[in-house]
Amino acid sequence: MATIDTFNIFLSDYANVSRYLNTRINKLLTTQHLTADTFLIMHEIGQSPQPLLLMDIAHQHHVSRSAISRQISVLLSHQYICQQANISDRRQKRLSLTDAGRRLDQQLMETIHQSVHQWALQLGQSRVDTLLSILNDFNDQIIDHEMTTSN
């Protein structure tokens, strides 16, 4: 079990890392009228092999459809995504990236990859891989598990 001192160090480090990443990411995204959440949604739409539905994104993010709808409206207003009604159920709208959205996603991902590459040069690739693996495990085993059991 972690000691109080270890946990205090963790809290301080967590706050510093969180502020640093938020500042870096927000500086990159605000020029494109995006938040981290809207960018993540845009990127997920672009990575999907088929157009996504709003309710699929809401389920994946463990939030309401109206919360995702607000993010989607920003992406639509800047023409980063488009939506097409399902022929058999017009209430269902399939979301996909526009050409502008695809170019922006690619540009932003290249910039983010450059940052991660720089961190790997400074920290070592194995340490960055370990960090990413731990974050992935935390998401899968703690967050997703809690979200599943609370529903």
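Each residue takes its place number in the sequence, starting with 1. It should be emphasised that the depicted structure is a prediction, and the values quoted were computed from it without experimental measurement. Atoms considered below: every heavy atom in the structure, side chains included; atoms not considered: hydrogens, waters and symmetry mates.
- Tracing side-chain contacts under 4.5 Å through hydrophobic residues (I, L, V, M, F, W, Y), one reaches V128 starting from V17; they form part of the same cluster.
- Distance CG/D37 to CD1/I68: 7.5 Å, rounded to 0.5 Å.
- Ring-plane geometry between Y80 and H78 is classed as parallel, the angle between the planes falling under 30 degrees on a 0 to 90 degree scale with a further cut at 60.
- No side-chain heavy atom of R24 sits under 4.5 Å from any side-chain heavy atom of L28.
- Atoms CD and CZ, on Q83 and R94 in that order, are 12.5 Å from each other to the nearest 0.5 Å.
- No more than 12 heavy atoms of other residues, nucleotides or ligands shown are found within 6.0 angstrom of CD on Q79.
- Atom CD1 of I45 and atom OG of S48 lie 8.5 Å apart (nearest 0.5 Å).
- A donor and an acceptor atom, one from each side chain of N22 and R19, are nowhere located under 3.5 Å apart.
- Across every non-hydrogen atom of Q141 and H145, the tightest pair is O-CB, 3.1 Å.
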- Task: Might you work through the salt bridge (Lys or Arg N to Asp or Glu O under 4.0 Å) test for R102 and D99, ending with a clear yes or no?
- Result: CA-CA 5 Å; R102 191 168 282 102; D99 289 340; 3.7 Å; yes
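- Scanning all heavy atoms of the two residues, the minimum distance from I112 to F39 falls at CD1-CE2, 3.8 Å.
- Of all non-hydrogen atoms in K93 and L53, the two that sit nearest each other are O-CD2, 3.5 Å.
- Going from atom CG of L34 over to atom CG of N26 covers 10.5 Å, rounded to the nearest 0.5 Å.
- Both L29 and I57 are part of a single hydrophobic cluster, where members link through side-chain heavy atoms under 4.5 Å apart.
- With rounding to the nearest 0.5 Å, the separation of CG in L97 from CG in L75 is 8.5 Å.
- Atom CG in D129 sits 11.0 Å away from atom CD1 in I134 (nearest 0.5 Å).
- The minimum heavy-atom distance between Q125 and A120, with the atom names listed, is OE1-CB, 3.2 Å.
- A single hydrophobic cluster is seen to contain both L52 and M109, as judged by linkage of ILVMFWY side chains at heavy-atom distances under 4.5 Å, directly or through other members.
- Here the side chains of Q107 and L104 are in contact, with some heavy-atom distance below 4.5 Å.
- When the side chains of ILVMFWY residues are joined at heavy-atom separations under 4.5 Å, either directly or via intervening members, V116 and L131 end up in two distinct hydrophobic clusters.
- By the rule that hydrophobic residues join a cluster once side-chain heavy atoms approach within less than 4.5 Å of another member, V63 and L95 end up as members of one cluster.
- Of the possible donor and acceptor atoms, none in the side chain of S12 sits under 3.5 Å from a partner among the backbone N and O of N8.
- A heavy-atom distance below 4.5 Å is found between the side chains of M55 and Q92.
- In the displayed structure, I4 atom CD1 is contacted under 6.0 Å by at most 12 heavy atoms of other residues, nucleotides or ligands.
- Between H61 and I41 there is a side-chain heavy-atom pair separated by less than 4.5 Å.
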- Check step by step if side chain to side chain donor-acceptor pair (under 3.5 Å) holds for T35 and T38. CA-CA 5 Å; T35 64; T38 53; 3.2 Å; yes
